[in-house]
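Below you'll find the structure, written out as structure tokens, and then a few comments.
Since this is a predicted model, take the numbers as computed values, not measurements. Quick note: residue numbers are just sequence positions, from 1. First listed ligand is number 1; within each ligand, the first listed atom is number 1.
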Amino acid sequence: MAIKFELLKESKDSMARLGKITTPHGEIETPIFMPVGTRGTVKAMTPEEVKILGAQIILANTYHLYLKPGHELISEAGGLHKFMNWDYPILTDSGGFQVFSLSDLRKISEEGVEFRSHIDGSKHFIGPEKSMEIQNALGSDIMMCFDECTPYPSSYEYSKQSMEMTTRWAKRCKEYHKNTDKQGLFGIVQGGMFKDLREQSARDLVEMDFPGYAVGGLSVGEPKDLMCDLLEFTTPLLPKNKPRYLMGVGTPDYLFEAVIRGIDMADCVLPTRLARNGTVLTSRGKLVIRNAKYAKDFSKLDPECDCYACTNYSRAYIRHLFNVGEILGARLTTIHNLYFLIKLMENIREAIKEDRLLEYKEEFYKKYGYI
Ligand SMILES: CNc1nc2c(CC[C@H]3O[C@@H](OC)[C@H](O)[C@@H]3OC)c3nc(N)[nH]c(=O)c3cc2[nH]1
Ligand SMILES: [Zn+2]
């Protein structure tokens, strides 16, 4: 069964839209924030907790799962859904980004990338076909084409040849996928920070007719206004009736800016990574729970939140847990941070429905301290 996208509403005062994605493991309302479960787990959470928090789809990572425990083992276990006991949609990245950001001694060629594992230094190769083989073995509902996330900054020449190789790799991924019953392969637009290259990449990928498209090569350290400008230029080049996924974006302000520019899906390790370090996202900005000022603060993490952590525990208690290194501390801040972003996207969907997204953004920014 293929990936289907229904465009339910388009905003009048921005490119924001409401949609619904149908996958073999269920439906996803967009715009959506997708929690990251890189190694087959959303860190510190059980799948039941992730579901109760309102997550509709989670991400996993081809590079990590290929290295450990190996995609063949997961395939023998019945696929990733079964292995990790998550019976809802899963999206897997293609491994390209992690090869470049995690491993060293990489050699890139037309065939693919040779690299050494960041775990034990063993030599490996992943190319378009290998990435498809791994993702098929994992059985994810949405798979990403094998691409090169062009580093930032890169010259025009490097960005051009990198984008053109990503396009050739996309063709090979599409080719490989043809012989499988899976239909959830998304193309990834590259082109660095250059509009003409972004346009070329988008046109070539749309020509290949994917069920969805990601905007890659962003959230790689470029200035926010540059990302917004490139996004504003790129999303209109993508088909209206297909989902658009901005990779690696997840702080509240970026989520608003992405949705307003026509993005339907976003992912980020930030909320869970920040949570484990004791940084809490609240309606009034970030809060570092270890701070001494919370020692006797018996109020909840976020006055406006009704999550399990905010309902049952105080800042003082959670600070105590972090101070003595108790695991429950990271679990409670993770529950809260995930709920905060999932709830934010729910509120954004409501605001689009009621044609008041820009007002909601202003209101949120003022309280959060962005303005
Ligand atoms: C953080 N900024 C950022 N992340 C990015 C990722 C990883 C997301 C993936 O990596 C993990 O999070 C780091 C998540 O697991 C996610 O999985 C889909 C990208 N992946 C690919 N294939 N191509 C890109 O151009 C790309 C750009 C990114 N920019
Ligand atoms: Zn909360």
Identify the protein heavy atom lying closest to atom 2 (N) of ligand 1, giving its residue, its atom name and the separation to 0.1 Å. S219 O, 2.8 Å
Using a 4.0 Å cutoff against the non-hydrogen atoms of N61, which atoms of ligand 1 qualify? 9 (C), 10 (O), 11 (C), 14 (C), 15 (O), 16 (C), 17 (O)
Nearest heavy-atom contact between L205 and A170 is CD2-CB, 3.6 Å
I'd like to know if E148 contacts ligand 1, where contact means a heavy-atom distance under 4.0 Å to any ligand atom. no
Sub-3.5 Å N/O-N/O distance, Q98 and ligand 1: yes
List every atom of ligand 1 that sits less than 4.0 Å from any heavy atom of I188, numbering the atoms from 1 in the order shown and giving each element. 22 (N)
Measure the shortest side-chain to side-chain distance between K195 and D229 over non-hydrogen atoms and say whether it is less than 4.5 angstrom. yes
Using a strict 4.0 Å cut-off to heavy atoms of G216, name the atoms of ligand 1 that fall inside it. 24 (C), 25 (O)
Measure across D267 and G248 and return the closest heavy-atom pair with its distance rounded to 0.1 Å. OD1-N, 2.7 Å
Closest approach of any protein heavy atom to atom 1 (C) of ligand 1, naming residue and atom: G248 O, 3.5 Å
Identify whether NZ of Lys or CZ of Arg in K20 sits under 6.0 Å from the centre of the six-membered ring of F5 and within 45° of that ring's axis. no
Which of the ligand 1 atoms, numbered from 1, are nearer than 4.0 Å to a heavy atom of S94: 22 (N)
Nearest 10° is fine: what angle sits at the Zn ion (ligand 2) between SG from C305 and ND1 from H336? 110°
Which pair of heavy atoms, one from L231 and one from P236, lies closest together, and at what distance? O-CD, 4.2 Å
Contact atoms of ligand 1, heavy-atom distance to V269 under 4.0 Å: 12 (O)
Please determine if K174 forms a cation-pi arrangement with F210, meaning its NZ or CZ atom is less than 6.0 Å from the six-membered ring centre and no more than 45° off the ring axis. yes
Could you tell me which atoms of ligand 1, counted from 1 in the order shown, lie closer than 4.0 angstrom to a heavy atom of L59? 16 (C), 17 (O), 18 (C)
Check: of T166, L91, D93, D267, min heavy-atom distance to atom 20 (N) of ligand 1 comes from D93
Give, for atom CG of D147 and atom CE of M144, the distance between the pair rounded to the nearest 0.5 Å. 7.5 Å
Looking at Y156, does the NZ or CZ of K160 lie under 6.0 angstrom from its six-membered ring centre and within 45 degrees of the ring axis? no
Tell me which protein heavy atom sits closest to atom 26 (C) of ligand 1, plus the residue, atom name and distance to 0.1 Å. F97 CD1, 3.6 Å
The Zn ion (ligand 2) as vertex, arms to SG of C310 and SG of C307: angle to 10°? 110°
Could you check whether K130 makes a cation-pi contact with F125, meaning its NZ or CZ is under 6.0 Å from the centre of the six-membered ring and within 45° of the ring axis? no
Proximal atoms of ligand 1 relative to D147 (non-hydrogen, under 4.0 Å): 21 (C), 22 (N), 23 (N), 24 (C), 25 (O)
Give yes or no for whether the N/O distance cutoff of 3.5 Å, strictly under, is met between Q190 and ligand 1. yes
I would like to know whether Y66 and H124 meet ring pair (Phe, Tyr, Trp, His ring centres under 6.0 Å); could you show each step before the answer? CA-CA 10 Å; Y66 159 75; H124 298 269; 5.3 Å; yes
Using a strict cut-off of 4.0 Å, indicate which atoms of ligand 1 neighbour a heavy atom of G217. 24 (C), 25 (O), 27 (C)
With respect to V36, determine whether any N or O atom, backbone or side chain, lies less than 3.5 Å from an N or O atom of ligand 1. no
Looking only at protein heavy atoms, which one is nearest to atom 29 (N) of ligand 1, and what is the separation? L218 O, 2.8 Å
Verify the neighbour count for atom CD1 of I327: are there more than 12 heavy atoms of other residues, nucleotides or ligands below 6.0 Å? no
Centroid separation under 6.0 Å, is that true for the rings of Y308 and Y313? yes
Close approach of M144 to ligand 1, heavy atoms, under 4.0 angstrom: no
Out of curiosity, is Y245 lining ligand 1, as in a heavy atom under 4.0 Å away? yes
Same apolar cluster (I L V M F W Y, side chains within < 4.5 Å links), I260/M227: no
